[in-house]
Asker: 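Structure incoming, see below.
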Amino acid sequence: MKSFSYSDRKNFIDKMQKQTFDMLIVGGGINGAGVARDAARRGMKVALIEASDFSSGTSSRSSKLVHGGIRYLENLEFGLVFEALSERAKLFDMAPHLVHPLRFVLPVYKDSRVGMFKMGLGMLLYDILSMFEAPELFEKLNPKKTLERLPLLDADNLQGSYVYSDGYMDDDRLVIETLRDANEHGALAVNYVKAVGGQWEGDKLTAINCHDEFSGETFSIKAKHFVGSLGPWTDLFGKTVLKTWKPILRPTKGIHLTVPLDRVAMKQAVVMFSNDQKRIVFGIPRHEMMIFGTTDTDYTEDPANVYSSKDDVEYLLKIIKEYFPNANLKPEDVIGSYAGVRPLVSDGAASESKTSREHVIIKDKQNITLVAGGKYTTYRLIAKEVVEAALLS
């Protein structure tokens, strides 16, 4: 196995300055890592730079889920759900040490926005779209069986529940292992190298000017084609490098809370509905903690400055208390929180939660391909489409 560590960083940077690459990727999250791996496996000469640490942005601020997206059925995004469920099955096979099956309990109450019958149809459709390749098919529970699974769940007006399969993952480790595989196939990847501008021949981008955040040195990397995979930094990068960039994103903030697992006594994940904003909030067991999230609010500031506000924490705690009043969770029970920014592509939707999670690939005639939006679960498919779009440019 080839070495891929901090000790290789200077050597990689030296090599980057002396070569002309088939593809230079800017952005070291899951999509950038996936593009590097896909391109390198095709025999292309690939380089990747990341302004901070690998997976330090949105890719490590996720709900840690590999899933089809049960709530996207309500938005009639059947193609997106089918795509994600297909990729979920592949990830179970590709990385069983990082991606694990998990059962989710979805309680239904008398006043729930979606009743037992309609929810049952959704569960059936979810399994159909997975081609019945879920680790386990869905099951329907009565109120008594539901409370056996979730002892602290509110029993008032409980109609029952559905239990279905999805998966959870180590999101940042998956990025690193994807980059390791890219490195095995010849790709060079370095972090703490920031793109600060471009070099041109006519109307074609021919090199990216870089700043080494550790040494303070500047240098350039030449390539035949460039890929921007910067998540919520896409518009900022576009304005820095391209001459005629127009913003495309509708960034939204999502936060998660962690609480001790024994405070809520759950062995399986739980799905909770926020009736006021038509959002889903997950409770996900992870080691000795439960992760609760996420929120979905418009965010217009620098993605590097995102944080969990008091209102965000109170919003999630309110939903948790509605479902688990007997847990009596208080702000002081929260061990910690983390926040990230989703790089959603603006589509004119009326609300944040209605904005599509579909990815968009932009082929710019200035010799660069950019990708924005998309779900973590579909990163492998997104990477394939980006590489093929770049090859056709």
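Computed from a predicted structure; not experimentally measured. Residue numbers start at 1 and run along the sequence shown.
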Asker: Is S112 reaching over with its side chain to a backbone N or O of V108, donor-acceptor style, under 3.5 angstrom?
Answerer: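 Judged by distance alone, no pair lies under 3.5 Å.
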Asker: Does L102 offer a backbone N or O that forms a donor-acceptor pair with the side chain of Y168 under 3.5 Å?
Answerer: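 Side chain of Y168 to backbone of L102: no pair is present.
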Asker: Any Lys/Arg nitrogen of D212 or K194 sitting under 4.0 Å from an Asp/Glu carboxylate oxygen of the other?
Answerer: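 Answer for the salt bridge query: no.
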Asker: Looking at N191 and I49, would you say the former's side chain and the latter's main chain have a donor-acceptor pair under 3.5 Å?
Answerer: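 Judged by distance alone, no pair lies under 3.5 Å.
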Asker: Apply ring-ring contact (aromatic ring centres under 6.0 Å, His included) to the pair Y323 and Y109, showing each step before the final yes or no.
Answerer: CA-CA 10 Å; Y323 276 80; Y109 290 88; 5.8 Å; yes
Asker: Could you give the distance from CG (D38) to NZ (K384), rounded to the nearest 0.5 Å?
Answerer: 8.0 Å
Asker: Of the non-hydrogen atoms in L261 and P285, which two are nearest, and what is the gap between them?
Answerer: CD1-CB, 4.1 Å
Asker: Quick check on ring pair (Phe, Tyr, Trp, His ring centres under 6.0 Å): which of Y126, Y164, F138 does F104 satisfy it with?
Answerer: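 Testing F104 for a ring pair (Phe, Tyr, Trp, His ring centres under 6.0 Å) against Y126, Y164, F138 leaves exactly one candidate, Y164.
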Asker: Is it true that a side-chain atom of Y162 and a backbone atom of M116 form a donor plus acceptor pair closer than 3.5 Å?
Answerer: yes
Asker: Could you note down all residue pairs passing side-chain hydrogen bond (donor to acceptor under 3.5 Å, both in side chains) where residues 259-269 supplies at least one of them, sequence neighbours left out?
Answerer: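 Sorted result for residues 259-269: R149-Q268, R263-D333.
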Asker: If you measure from the Lys or Arg side-chain nitrogens to the Asp or Glu carboxylate oxygens, is any gap between D296 and R279 under 4.0 Å?
Answerer: yes
Asker: Distance from F292 atom CZ to I319 atom CD1, nearest 0.5 Å?
Answerer: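 Those atoms lie 11.0 Å apart.
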Asker: Indicate yes or no for a side-chain donor-acceptor contact from T58 to the backbone of V341 under 3.5 Å, with no hydrogens or angles considered.
Answerer: yes
Asker: Quick check on M131: does its CE atom have over 12 non-hydrogen neighbours (other residues, nucleotides or ligands) under 6.0 Å away?
Answerer: no
Asker: Using links of under 4.5 Å between side-chain heavy atoms of ILVMFWY residues, direct or through other members, which residues join F214 in one cluster?
Answerer: Y6, Y192
Asker: If you count heavy atoms of other groups shown closer than 6.0 angstrom to NZ of K204, is the number above 12?
Answerer: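 Atom NZ in K204 is packed in, count exceeds 12.
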Asker: Are E385 and H359 close enough, and set up right, to give a side chain to side chain donor-acceptor pair (under 3.5 Å), and what steps lead you there?
Answerer: CA-CA 10 Å; E385 291 180 3; H359 64 278; 2.7 Å; yes
Asker: Below 4.0 angstrom, N of the basic side chain to O of the carboxylate: do D172 and R61 qualify?
Answerer: no
Asker: Flag yes if more than 12 heavy atoms outside E314 fall under 6.0 Å of its CD atom; otherwise flag no.
Answerer: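 Counting neighbours around CD of E314, more than 12 heavy atoms of other residues, nucleotides or ligands fall under 6.0 Å, so yes.
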Asker: Is the count of non-hydrogen atoms from other residues, nucleotides or ligands lying under 6.0 Å from K222 atom NZ greater than 12?
Answerer: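 Result for NZ/K222: open.
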Asker: Whether E388 and R42 form a salt bridge (side-chain N of Lys/Arg under 4.0 Å from carboxylate O of Asp/Glu) is what I want to check.
Answerer: yes
Asker: With no hydrogens and no angle check, is any side-chain donor or acceptor of D53 less than 3.5 Å from a backbone partner on S56?
Answerer: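 The answer is no, because no donor-acceptor pair under 3.5 Å joins these two groups.
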Asker: Between R113 and E74, is there a side-chain N and carboxylate O pair less than 4.0 Å apart?
Answerer: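 Here R113 pairs with E74 in a salt bridge, since their nearest N and O are under 4.0 Å apart.
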Asker: If you round to the nearest 0.5 Å, how far is CG of D170 from CD of E177?
Answerer: 9.0 Å
Asker: Within 45 degrees of the ring normal and closer than 6.0 Å to the centroid, is that where the cationic atom of K253 sits relative to Y307?
Answerer: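 Flagged: K253 positioned over aromatic ring of Y307.
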Asker: Consider side-chain contact (heavy atoms from CB on, under 4.5 Å). Of V26, I248, T234, I361, which one does L370 pass it with?
Answerer: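 In the set V26, I248, T234, I361, the residue that makes a side-chain contact (heavy atoms from CB on, under 4.5 Å) with L370 is T234.
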Asker: Which atom names give the shortest non-hydrogen contact between N367 and L205, and what distance separates them?
Answerer: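 Minimum heavy-atom separation between N367 and L205: ND2-O, 2.8 Å.
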Asker: Determine whether a donor-acceptor pair (N or O, by modelled atom type, separation under 3.5 Å) exists between the side chain of T20 and the backbone of A223.
Answerer: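 Such a contact is absent between T20 side chain and A223 backbone.
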Asker: Can S63 and H256 be said to form a side chain to side chain donor-acceptor pair (under 3.5 Å), step by step?
Answerer: CA-CA 7 Å; S63 297; H256 294 79; 2.6 Å; yes
Asker: Please indicate whether F82 has more than 12 foreign heavy atoms, meaning atoms of other residues, nucleotides or ligands, lying under 6.0 Å from its CZ.
Answerer: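 No, not enclosed.
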Asker: Can a donor-acceptor pair be found, under 3.5 Å and without considering hydrogens, that links the side chain of D93 to the backbone of K90?
Answerer: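 Side chain of D93 to backbone of K90: no pair is present.
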Asker: With rounding to the nearest 0.5 angstrom, report the CD1 to NZ distance, I221 to K15.
Answerer: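 One gets 14.0 Å once the value is rounded to the nearest 0.5 Å.
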Asker: Determine yes or no for a side-chain-to-main-chain donor-acceptor pair under 3.5 angstrom, with R286 supplying the side chain and M169 the backbone.
Answerer: yes
Asker: Apply the test side chain to side chain donor-acceptor pair (under 3.5 Å) to residues D312 and S309: give CA-CA distance (whole Å), side-chain angles for both, the deciding distance (0.1 Å), then the verdict.
Answerer: CA-CA 5 Å; D312 295 327; S309 70; 2.9 Å; yes
Asker: Ion pair present between K246 and D235, side-chain N to carboxylate O less than 4.0 angstrom?
Answerer: no
Asker: Would you call K365 and D203 a salt bridge, taking side-chain N to carboxylate O under 4.0 Å as the test?
Answerer: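 No, K365 and D203 are not salt-bridged.
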Asker: If you look at every heavy atom in H67 and T377, which pair is closest and at what distance?
Answerer: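 Looks like N-OG1, 3.1 Å.
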Asker: Quick check against the 3.5 Å criterion: does S59 have a side-chain atom that pairs as donor or acceptor with the backbone of I30?
Answerer: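 Present.
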Asker: Do E139 and R103 sit within salt-bridge range, that is, some charged N less than 4.0 Å from a carboxylate O?
Answerer: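 Here E139 pairs with R103 in a salt bridge, since their nearest N and O are under 4.0 Å apart.
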Asker: Tell me, please, whether Y338 has K64 positioned over its six-membered ring: NZ or CZ under 6.0 Å from the ring centre and within 45 degrees of its axis?
Answerer: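 Judged by the rule, K64 and Y338 form a cation-pi pair.
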Asker: Measuring from I255:CD1 to S308:OG, what's the distance to the nearest 0.5 Å?
Answerer: 4.0 Å
Asker: Would you mind reporting whether V193 and E50 have side-chain heavy atoms less than 4.5 Å apart?
Answerer: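 No - every pair of side-chain heavy atoms lies 4.5 Å or more apart.
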Asker: Working to the nearest 0.5 Å, report the span between NZ of K318 and CG of L329.
Answerer: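 Those atoms lie 15.0 Å apart.
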